[in-house]
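Scope of the values below: all heavy atoms of this structure, side chains included, with no hydrogens, waters or symmetry mates. Quick caveat, the model's predicted, so the values are computed rather than measured. Each chain gets a letter, A, B and so on, in the order the sequences are listed, and its residues count up from 1.
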2 protein chains.
Amino acid sequence: MSKKYVYFFGKGQSEGNTKMKALLGGKGANLAEMAKIGVPVPPGFTISTEVCDYFYKNGKKYPKELQKQIDDNIKKLEKAMGAKLGDEKNPLLVSVRSGAAVSMPGMMDTVLNLGLNDEAVKGMAKKTNNERLAWDAYRRFIDMFGDVVMGVHHEYFEEKLAAIKKKYKAKLDNDLNAAQLKELVGEYKKVYQKHVKKPFPSNAKDQLMAAVNAVFGSWNIPRAVTYRRINRITGLLGTAVNVQSMVFGNMGDTSGTGVAFTRNPSTGDKEFFGEFLINAQGEDVVAGIRTPEPISDLKKEWPHIYKELNDIRHKLEQHYKDMQDVEFTIQEGKLFMLQTRGGKRTGLAAVKLAVDMVKEKMITPKEALMRIEGDQLNQLLFPIFDIKAMAKTKKIAKGLPAGPGAASGQVVFTAKTAVDWKSKGKKVILLRHETSPEDVAGMAAAEGILTSTGGMTSHAAVVARGWGKCCIAGCSALNINYAKKQTTVGKIVIKEGDWLSLDGSTGEVMLGHIKTSSSPVIAGVVENNAIAKKSSIYKMFMQIMQWADEYRKLKVRTNADTPKDSLAARRLGAEGIGLTRTEHMFFEGERIWAIREFILAQNQESRETALKKLLPFQRTDFEGIFKEMNGLSVTIRLLDPPLHEFLPNDAAGQKEMAKRLQIAPAKVTQLVTKLHELNPMLGHRGCRLSITYPELCVMQTTAIIEAACNMAKKGIKVLPEIMIPLIGTKAEFDFLEPIVRQTADAIIKKAKSKIKYLVGTMIEIPRAALTADEVAENAEFFSFGTNDLTQMTFGYSRDDAGVFLPDYLEKKVLDDDPFQTIDQNGVGKLVQTAVKLGRKVRKTLKCGICGEHGGDPESVKFCHKVGLNYVSCSPYRVPIARLAAAQAVIEEKK
Amino acid sequence: MSKKYVYFFGKGQSEGNTKMKALLGGKGANLAEMAKIGVPVPPGFTISTEVCDYFYKNGKKYPKELQKQIDDNIKKLEKAMGAKLGDEKNPLLVSVRSGAAVSMPGMMDTVLNLGLNDEAVKGMAKKTNNERLAWDAYRRFIDMFGDVVMGVHHEYFEEKLAAIKKKYKAKLDNDLNAAQLKELVGEYKKVYQKHVKKPFPSNAKDQLMAAVNAVFGSWNIPRAVTYRRINRITGLLGTAVNVQSMVFGNMGDTSGTGVAFTRNPSTGDKEFFGEFLINAQGEDVVAGIRTPEPISDLKKEWPHIYKELNDIRHKLEQHYKDMQDVEFTIQEGKLFMLQTRGGKRTGLAAVKLAVDMVKEKMITPKEALMRIEGDQLNQLLFPIFDIKAMAKTKKIAKGLPAGPGAASGQVVFTAKTAVDWKSKGKKVILLRHETSPEDVAGMAAAEGILTSTGGMTSHAAVVARGWGKCCIAGCSALNINYAKKQTTVGKIVIKEGDWLSLDGSTGEVMLGHIKTSSSPVIAGVVENNAIAKKSSIYKMFMQIMQWADEYRKLKVRTNADTPKDSLAARRLGAEGIGLTRTEHMFFEGERIWAIREFILAQNQESRETALKKLLPFQRTDFEGIFKEMNGLSVTIRLLDPPLHEFLPNDAAGQKEMAKRLQIAPAKVTQLVTKLHELNPMLGHRGCRLSITYPELCVMQTTAIIEAACNMAKKGIKVLPEIMIPLIGTKAEFDFLEPIVRQTADAIIKKAKSKIKYLVGTMIEIPRAALTADEVAENAEFFSFGTNDLTQMTFGYSRDDAGVFLPDYLEKKVLDDDPFQTIDQNGVGKLVQTAVKLGRKVRKTLKCGICGEHGGDPESVKFCHKVGLNYVSCSPYRVPIARLAAAQAVIEEKK
């Protein structure tokens, strides 16, 4: 038997189905599936991707069986439609479309109305009783066939159209009548003849084969090859060709066309949602020239069509087990479905659909979990803009969506002003080139933060996400002038006090004030608000989280530096703290003076004196955190940033410091100069500080362990994990670990306490990952600091990469921002290597991740795959991590 | 038969030999060897390291056979010496020393004069006819035994000595007579009794066993354990104990002591070189209280002793096949050799000894190559200070020996002044915090460069080494004040115009002017000076290089940016260029204005206009380099540094730029601010620049390929290798490679040239190494940029690490500066991985190294081991690399 190359589809008699995408392409498989389950689709046939493969492997020749199979299918199609290709009385018109397994712009797309010629056009006119329609279809076909199939530039046809319109003083194309269109057809054919050097083919089968040829030929044109290369699309046989009978929604008042969703894609409500136009073609709905009517009106106008459509709605939803986005056309009272696909939805709708469909027993909880993307879940957690108010505002710039939610406020340019204005009851947006730890109070006071430089893991972004605060980073269109207290964006000038609105989920910056509404989920979960807990959104959220927790194996911790953040995270489901950054506490109140005194000190004795002042602050902070985390592990990282971060950058601050510490102002300047680093990221920081000044490590260990002993005495269960940052060599760890242990053990012994603690390290230097077997000899846990690990593995400074990363993403040099989603191939390889090497030496080595990636769904799945024990993310990302961790398990089982 | 634990040695009857270091320790094995070949050493015996091992494995007990073996050996020793341990008439005195296979401070060291007691002291007095000598020996023994063996602090004995001296008004110890020393012995014994709670042991065998106990006991004292841990000394059984009969050089005028080298250790000349003192002990020679006589005087005074010593000199040299450093003692006319070891030598001597000994057929050329260290060879290539003049100067500070040789000049603080003063015929030392590409002209004008910050791969260091210029970097004692044109070092003030001298080989900075003499090797090889070529140093150098080239497999290329450097390197043996840094040309003359215009340009068109100005300069540069490198490969790296490096840093420069480019000064400041990066090392540079501005890559490729075609037309054989820097992903390479190829191929086609070129990449980003199999799919060669690879693998900024690296080295957190010697465990692992992955995909992948490590002997050997094709280093390191490459082959064969 000869090999099958062509697959027919038509109501109830499909030869293909949705699973045959590799062979029939996405479009072909989907049309076949719809027809198979009895949905009325315009019949047609698909020439398989194997033909494309054969075509290229055999010098652009087709398999010998092909022509006969096509002919047979044409006959079958003609029979199904009761019309004949090229027939002068009852012509069958078809569309020819390409369709690979993956949607792929760049290839030949669509030829409509194929089958028309000088005879058939008359038949069509007669049959439809609409001469104008027929000639319009014919002239469009010549244009499309000439352009798409034969490469005659569309412009040449446009010129002729313009000339005819001028000649008859027609304003719009629609103003041309049948005769004028007929004249245009004559002109078009001349254009065709001139450029192709052959007359326009009148034989419908010749037209068809030429179009098929064009589709297969377009598979390997440079534009398509480039597209596949850039998008790394490999392993495809080629494209399929879909030949489908044409239906017309513009055949008069019993025809029409529309689009619809099987449920409400904004709210998820179970209602038929969509719109239609009578006597119109699909593009008219999209083009927006006429205003469509809501789908409910169809019920009144054509109740039987509505019923049929509504039945199909239920059928498709039941069949695909998901909300569908459909396109339909009604030709002279007969309904045809042109397309169905999973409908795009808001976060709220995604969650509601998932929960509802489980209730309706359409899907299982497992499937429900797979239906929700992290970002969709996220939308439930943050304030959002009033959609109507938003439509009226002007988008002026776009940056990176660094911190979620929506915020509206008056622009200020310094942290101090932010604090001042906030205290006067104003809402402010803090606008800075970049933020530094000095700005933290101002950032806290602001509704939202906007920076002109810095990426997804810049200081502003990390801090904002930690608080669940709206932040847009790296908005390079801003041209800030601090002196003038203004910024320009193009020609727009924004002054201090002007209103700006930030959409932290899209990165869009809008001029003016937009009303926001807060999240009932956060009110219920974090603020324990009783009313919010009664809301359906809250209940749906809790349901999803419950299901997620049933499946996931990965633990989820949080990155939190204060008791308040710890509590919020715990309520959002955190099972411990994966990262407490001790330095984040250093800026509050008196602490900064103690640390500055430490930096200024000339010898160990005076350094220790300064540290003694810092000790009680640190201890109190840790006590608060231990209390909130009763019974859960708390990982505390020793001081990480370079010391110059604690010195004032500006003249005023330096003057204040001189006064406060009673030293000459020149001395402060000198100190700032001396500590200045060309590449602070690669400088004197992390464990390097404690190796130079072991007293630092002693003080911090003392604060941690004393706090732990104090809390333990009060009946709190404390599980401290002391983390030494920035280890690159075993020797560094081995230098500091005994200092930590000796300090800790002495305190525990003195307090007669029984608390246990771990000493481990952050793996964030490539060398540490490469030599993890050595490091693990003494380190009790690894926490992957994938922010820094990404910086060093790629050689990207997260503060500076904003200059070229957008370009990299646009040029597809990178698929994703590696600071957002872990680079599995490079950074991930180091993580995997380190886990493997580490556990070879220490079987029970606890491994986690505490970089920003801990809250990114793809990265969380990677962490599950490589066998980490936990991920740790900012408090408001905890729910997303829980969901992703569950999805990882479900995907794995597949 | 019972196990042998004790090994006797004595003239001609040794039981051990030099190969038994593991068993007998270094000292024991060497004494045995000397005795074995008939050299007169004071006889003795060694208790093996196996005893130490047994001791610790059996609760500090000894093997039961041991005591008998010791007793037997004592008898043998007594017989050999004709004296008896503890004998009141003819007492045998012995020394007891520890000695492991590796020299190890921290353990118990030495007890001398063991065997003395109240009876024996009298015997010794009588026998030596020197009562004072005997009592002095006795009191010293009690002190040493008490201190070293029993832990009675030396101070307690010193107190008593001081009291006796005061009592008898003696100024020096030597002023005390026999009776007074006898009184002191009584006091010492009381001290001993008081602290040990036991009387001083009078039995000589008890003394001996206590000393043996102390040696074995000291193997595991914390100080020794720490030393072994820090120095990673593992795999030793323990220490051995050497018991050796005492000889005295202070027994009168027929006694004496001395040290000697078998050849001249400064020049390598074949002459007996040393000095001696009559009637003195070893420490007297070292202490420098009396001035020793030259060894030649011995010939006159004691011709038979001289003859015996000279015979031994020849015997030892023949036996060890190397120049020896010996210690000897003459006791009452009888010669004893106490020690022999390989003598320390200057670079000149090392080379001369190696070459001479081959001539003398003592060693093979292979052995000769192994006798010369890279740094020793280096000493032949650079100016050196006049040693006598140097002795008179004051060392005021020490920095990193960043560039070789010696330099003396007047201090200037700006590059401009350096150029001005040089043009007036002055010799200058350029002193800066750090240097930048802007300073290059001034650096070239200076005799030497001195910086207060920056490490071995800082800008100053890299540039200076490239030129073979003296440079000391990171001299942190300098406190520079540019405004005052002065620097302080502690309390010393150095003003502009003051003379400083720099020793680039040690890093020492000296006040004042010191005469330097230049290298005949450089004059002969690089400058082609005919007179220099007749010098013996030149000839020796050439001989060594010839031998090295016979053995080595690794090719040696050079890093050179100018035709002049290329020529010098080629004459020094470079077989191609491994790295031409195109940006180093950007600062000369008009070029800087073209590149600044490029940076300023707002769109592609004006960028291309600016680049067109740069093109002819670049092309000319490349033509010059291709010409000098006729027939050899030349690797040219596309632009690497961030663009802001080409902008002026200071106000004056910015003003000049504004004027020159006819723009507002504020615009320049704005540009500088805009391009400022927090971590430029990880910023917008390398291939990232060309991805943002592909026109840059087009211009540079054009310059390279046009230059190549032009030179090829003139009959020059050109082999260009275009290197894309800072690749981290395959996609980056794949983005730029077609641009390079299209540009290059079009030019070659147009020129109808037949030149071939390669396109490859630098592997300097950890991620590139980890994904080298992907990168190698299209890259034709890899060149490891181990400077940046080290920076990113360790997370160390070479500009900033100077703050903590010295501390790391001192605290032994690091064994070596990883910027100097490649870190085989981490960075090396990446190199090895990349070579393996790359060659899996592309079997013939050419791999080289072009970081500073290419000129470091240990690193060169590593490169050989991992199978690189070549190393590339700065021109003046080429000879060292050739030597090291040969050594790598020889070591491998062992």
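For B:Glu764, no part sits under 4.5 Å from any heavy atom of chain A, backbone or side chain. If you measure heavy-atom distances from A:Asn825 to chain B, the contacts under 4.5 Å come from both the backbone and the side chain. Proximity to chain B (any heavy atom under 4.5 Å) is restricted, for A:Asn479, to the side chain, taken from C-beta onward. Both the backbone and the side chain of A:Thr692 have a heavy atom closer than 4.5 Å to some heavy atom of chain B. Contact annotation for A:Leu814: only side-chain heavy atoms (C-beta onward) come within less than 4.5 Å of a heavy atom of chain B.
For the ring-ring contact (aromatic ring centres under 6.0 Å, His included) with B:His684, the lone residue among A:Tyr796, A:Tyr808, A:Phe804 that qualifies is A:Phe804.
Chain A forms more heavy-atom pairs under 4.5 Å with one residue of B:Lys674, B:Glu732, B:Gln670, B:Lys730 than with any other, namely B:Glu732. Ranked by heavy-atom pairs shorter than 4.5 Å toward chain A, the options B:Asp823, B:Leu830, B:Val827 are led by B:Asp823. By number of non-hydrogen pairs under 4.5 angstrom with chain A, the leading residue of B:Ile765, B:Asp734, B:Leu689 is B:Ile765. Considering only heavy-atom pairs separated by less than 4.5 Å from chain A, the leading option among B:Gly728, B:Gly795, B:Ala768, B:Ala801 is B:Gly795. Most heavy-atom pairs under 4.5 Å with chain A, from the set B:Glu677, B:Met792, B:Arg688: that is B:Arg688. Chain A forms more heavy-atom pairs under 4.5 Å with one residue of B:Pro680, B:Gly686, B:Gly802 than with any other, namely B:Pro680.
Of all heavy-atom pairs spanning B:Gly826 and A:Thr771, the tightest one is CA-CG2, 4.5 Å. Among all heavy-atom pairs drawn from B:Thr729 and A:Phe794, the shortest one is CG2-CE2, 3.9 Å. The minimum heavy-atom distance linking A:Val813 with B:Phe735 is given by the pair CG2-CD1, 3.9 Å.
Remark: side-chain polar atoms of B:Asn679 are paired, donor with acceptor, to backbone N or O of A:Met681 under 3.5 angstrom.
Rounding to the nearest 0.5 Å gives a distance of 9.0 Å between OG1 of A:Thr793 and CZ of B:Arg767. Put simply, CG on B:Leu678 and NE2 on A:His459 are 12.5 Å apart, with the number rounded to the nearest 0.5 Å.
In this structure, A:Asp800 and B:Leu682 have side chains that are not in contact, with every pair of non-hydrogen atoms separated by 4.5 Å or more.
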